[in-house]
Number of protein chains: 2
Amino acid sequence: MTDTAPRPTLEAVAARAGVSRATVSRVVNGSHGVRERLAERVRRAVEELGYVPNQAARSLVTKRHDAIAVIVAEPETRVFADPFFARQLRGISKELTAHDNQLVLLLTEDRDDHVRVGRYVAGGHVDGALVFSLHIDDPLPELIRQAGLPTVYGGRPDFSGGQGGVVYVDSDNRGGARDAVRHLLGLGRSRIAHITGALDQTAAVDRLDGFRDVMADADPRLVVEGDFTPASGERAMRELLDRCPSLDAVFAGNDLMAAGALRVLREHGRRVPDDVAVVGFDDMLPIAEQTDPPLTTVRQDIEEMGRLMARLLLRDLDGTGTPPEAAGAGSDGLILPTTLIRRASA
Amino acid sequence: MTDTAPRPTLEAVAARAGVSRATVSRVVNGSHGVRERLAERVRRAVEELGYVPNQAARSLVTKRHDAIAVIVAEPETRVFADPFFARQLRGISKELTAHDNQLVLLLTEDRDDHVRVGRYVAGGHVDGALVFSLHIDDPLPELIRQAGLPTVYGGRPDFSGGQGGVVYVDSDNRGGARDAVRHLLGLGRSRIAHITGALDQTAAVDRLDGFRDVMADADPRLVVEGDFTPASGERAMRELLDRCPSLDAVFAGNDLMAAGALRVLREHGRRVPDDVAVVGFDDMLPIAEQTDPPLTTVRQDIEEMGRLMARLLLRDLDGTGTPPEAAGAGSDGLILPTTLIRRASA
DNA sequence: GTCACGGGCGAGAGCGCTCTCGGATCACGT
DNA sequence: ACGTGATCCGAGAGCGCTCTCGCCCGTGAC
């Protein structure tokens with residue numbers, strides 16, 4: 001192990017440049033009011049000594065940490081079944097590093113974790129939080145709210161957020177669902193079924209709402225609840241086939257369930273898309289492309305979602321005024337558009 | 001927005017408990033030598049005031065940050081195509097939070113990012129690093145080495161690491177590959193082909209080596225290089241079919257390529273596993289289960305890998321002595337076993 | 001030539017914590 | 001009753017930085 005060479009301090013740089021600490025600080029932090037000649041000398045000293053500011057010391061006085069927490073409250077399933085998570089992180093990471101902020105990742109599984117995380121964020125170690133909390137009984141949002149930490153949610157939260165409203169970024173689940181169903185209608189299908197996601201997640205609810213927007217008078221038996229897993233897609237498909245053998249299209253709440261449905265349809269000798277057209281949601285790669293036939297689906301721009309969340313939060317942090325709640329009226333949702341990707345299944 | 005109530009300081013707790021700062025510090029940090037009566041008073045004061053230590057102030061003097069960096073140097077592809085990344089993170093996260101360490105995530109794409117990351121870790125903001133750097137020309141390891149930061153690598157690095165050796169955790173790629181090929185042999189197959197991963201990654205090389213361990217005298221035309229993507233699996237499979245129409249088994253370097261191969265085989269009217277048996281690697285869910293037929297593959301315990309990396313690093317950090325390089329002899333690789341998962345494809 | 005003014009710079013306090021050191025306290029043996 | 005450790009606790013310095021304050025010097029107006 002390289003003997004931890006004591007890192008040079010501001011003091012050292014100041015000595016070398018023949019100026020005071022204050023001046024070095026000014027130069028390092030890009031403030032004005034330092035004559036160019038001096039500034040140059042300081043910069044050279046910084047360079048020569050390989051000076052890097054001690055973040056802890058700085059935070060101690062500025063009360064800023066240039067760090068934000070990304071909290072993912074996911075009991076295993078969803079996060080690991082698909083690459084969404086990684087994509088969002090990528091978007092967030094890009095935006096944060098572009099603004100010299102650190103990303104502190106907090107993964108939680110159970111309520112104990114939540115309390116721990118709550119304490120952590122309340123401890124003022126980070127300047128803000130980005131939260132992915134998709135389940136309905138989650139105590140975390142309340143903990144964070146109490147801590148008064150600037151926060152942006154990923155996906156529409158299931159709670160109203162009290163007085164101020166809640167800032168969040170989401171895909172246009174409802175609109176995307178409408179597009180999917182209209183596409184099916186456009187194909188001349190009329191008996192369109194829907195396999196929903198887990199209805200304790202707002203994304204599933206919103207997609208169902210979108211389905212209903214278009215199919216207001218659909219036979220209620222054409223809607224079956226799944227839980228976003230392939231197995232639930234299979235089960236739901238069997239049930240649908242059993243209830244309404246005459247159906248000619250299925251809109252699944254995500255690609256995984258669509259893949260399950262596809263298998264059951266093939267098993268029952270229904271040709272896709274000839275007999276039954278199938279549309280998924282997410283455009284989860286590589287699943288959507290690998291199914292047989294490749295899946296027509298609704299794509300959301302995951303990475304952009306992450307970016308946007310970060311941008312929103314940073315804007316809030318920078319702008320000394322206007323907390324995000326006050327910026328707009330009530331609950332501030334930013335909804336990103338979706339696009340229908342046409343492949344072979346519908 | 002909750003008016004940021006000034007958080008209570010040690011001083012405040014001390015005043016309330018009627019003791020000195022030093023005593024409060026002792027109690028908070030669980031040190032001994034404080035009479036129970038006093039300690040109890042302090043704990044109550046902490047509770048009442050909702051005191052949380054200021055990490056910045058603490059770090060300033062202890063020079064510990066209780067934070068480790070997780071650096072993922074991935075040009076897009078692999079990280080996002082599969083959930084490995086998330087799984088490893090989960091493992092790491094569990095282990096770190098169990099020891100009250102923070103996880104600072106650094107995602108990098110290009111060389112500029114690497115320099116930035118290098119500066120960051122050199123800046124002494126974290127106590128150690130966990131690095132996933134799979135590509136061969138990566139400048140990052142060298143930067144980190146120069147910074148003298150305790151580091152554990154995920155996956156066997158492609159460099160020797162100079163004097164000390166390098167600590168890493170990896171799956172038994174070579175052994176897993178051997179198992180896969182032996183399984184195929186056990187099925188009575190003899191003309192076994194291999195589709196390799198991108199050979200600038202050690203995992204691909206090791207799997208190829210495993211293949212060769214068993215098939216030392218195989219026709220060299222039975223080995224085709226892919227790059228871990230489904231498309232490359234398709235291409236490679238076509239080439240193999242073209243070169244050696246008589247092949248009766250394929251061992252693919254990962255599940256994605258196996259899925260591609262499966263499609264091409266079907267397209268060519270070869271039945272799996274009757275005509276051609278196929279084995280993948282990774283047991284990447286849900287892909288491996290969703291192929292037709294479901295994929296026989298080599299599973300690695302990804303989450304455990306993450307855990308282990310974290311544990312190794314923490315042990316190094318805690319034990320004031322023995323840097324990991326010195327702990328064993330030379331390059332310290334910890335190799336995790338793999339298991340063959342039998343499904344329908346072989 | 002004098003005075004007011006303003007911009008550039010340094011002195012110094014202080015952020016909240018840890019940790020060393022020495023003083024107080026207490027139990028015990030003599 | 002007094003010395004002797006051992007134990008417990010507080011005073012105070014200092015970690016590396018930022019930021020206010022005021023000094024100094026240069027400039028322009030008179």
*Nearest atoms (heavy-atom pairs only) where B:Val27 meets B:Ala39*: CG2-CA, 4.0 Å
*Taking all atoms of both residues into account, what is the closest heavy-atom pair of A:Leu313 and A:Thr151, and its distance?*
CD1-N, 4.0 Å
*Please list, by residue number, the residues of residues 35-46 of chain A whose heavy atoms come closer than 4.0 Å to an atom of DNA chain D; answer none if no residue qualifies.*
none
Length of the line joining [X]:[atom1] and [N]:[atom2], which is rounded to integer Å:
X        : N      : atom1 : atom2 : answer
B:Arg64  : D:dC15 : CZ    : C1'   : 17 Å
A:Arg7   : D:dC15 : CZ    : P     : 15 Å
A:Leu60  : C:dG16 : CG    : P     : 7 Å
A:His125 : C:dG16 : NE2   : C1'   : 13 Å

*asked:* So that I can tick it off, tell me whether A:Arg44 and A:Glu47 are bridged by a salt bridge, with the cut-off set at under 4.0 angstrom between side-chain N and carboxylate O.
replied: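 Here A:Glu47 does not pair with A:Arg44 in a salt bridge, since their nearest N and O are not under 4.0 Å apart.
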*Without hydrogens or angle criteria, can the side chains of A:His65 and A:Ser59 be said to hold a donor-acceptor pair below 3.5 Å?*
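No donor-acceptor contact under 3.5 Å links the two side chains.
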Nucleotide N/O to protein N/O under 3.5 Å, stretch nucleotides 17-23 of chain D:
{"residue": "D:dC17", "atom": "OP1", "partner": "A:Tyr51", "partner atom": "OH", "Å": "2.5"}
{"residue": "D:dC17", "atom": "OP1", "partner": "A:Asn54", "partner atom": "N", "Å": "3.1"}
{"residue": "D:dC17", "atom": "OP2", "partner": "A:Leu10", "partner atom": "N", "Å": "2.3"}
{"residue": "D:dC17", "atom": "N4", "partner": "A:Arg21", "partner atom": "NH2", "Å": "3.4"}
{"residue": "D:dT18", "atom": "OP1", "partner": "A:Asn29", "partner atom": "ND2", "Å": "3.0"}
{"residue": "D:dT18", "atom": "OP1", "partner": "A:Arg58", "partner atom": "NE", "Å": "2.9"}
{"residue": "D:dT18", "atom": "OP1", "partner": "A:Arg58", "partner atom": "NH2", "Å": "3.3"}
{"residue": "D:dT18", "atom": "OP2", "partner": "A:Ser25", "partner atom": "OG", "Å": "2.7"}
{"residue": "D:dT18", "atom": "O4", "partner": "A:Arg21", "partner atom": "NH2", "Å": "3.1"}

*Apply side-chain contact (heavy atoms from CB on, under 4.5 Å) to A:Pro53 and list each qualifying residue two or more places apart in sequence or on a separate chain.*
A:Val28, A:Tyr51, A:Arg58
*Considering heavy-atom distances to DNA chain C, does B:Ala56 or A:Gly18 have its closest nucleotide positioned more toward the 5' end?*
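The residue whose closest nucleotide sits nearer the 5' end is A:Gly18.
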*Taking only N and O in the side chain of A:Ser20, is any of them less than 4.0 Å away from OP1 or OP2 of C:dA11?*
no
*In chain order, what residues pass the side-chain hydrogen bond (donor to acceptor under 3.5 Å, both in side chains) check against A:Arg16, with sequence neighbours excluded?*
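A:Glu48.
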*For A:Thr23, which residues count as a side-chain hydrogen bond (donor to acceptor under 3.5 Å, both in side chains) partner, sequence neighbours excluded?*
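Checked A:Thr23 against side-chain hydrogen bond (donor to acceptor under 3.5 Å, both in side chains); matches are A:Ser20.
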*Could you note down all residue pairs passing salt bridge (Lys or Arg N to Asp or Glu O under 4.0 Å) where residues 95-107 of chain A supplies at least one of them, sequence neighbours left out?*
A:Glu95-A:Arg307, A:Glu95-A:Arg311
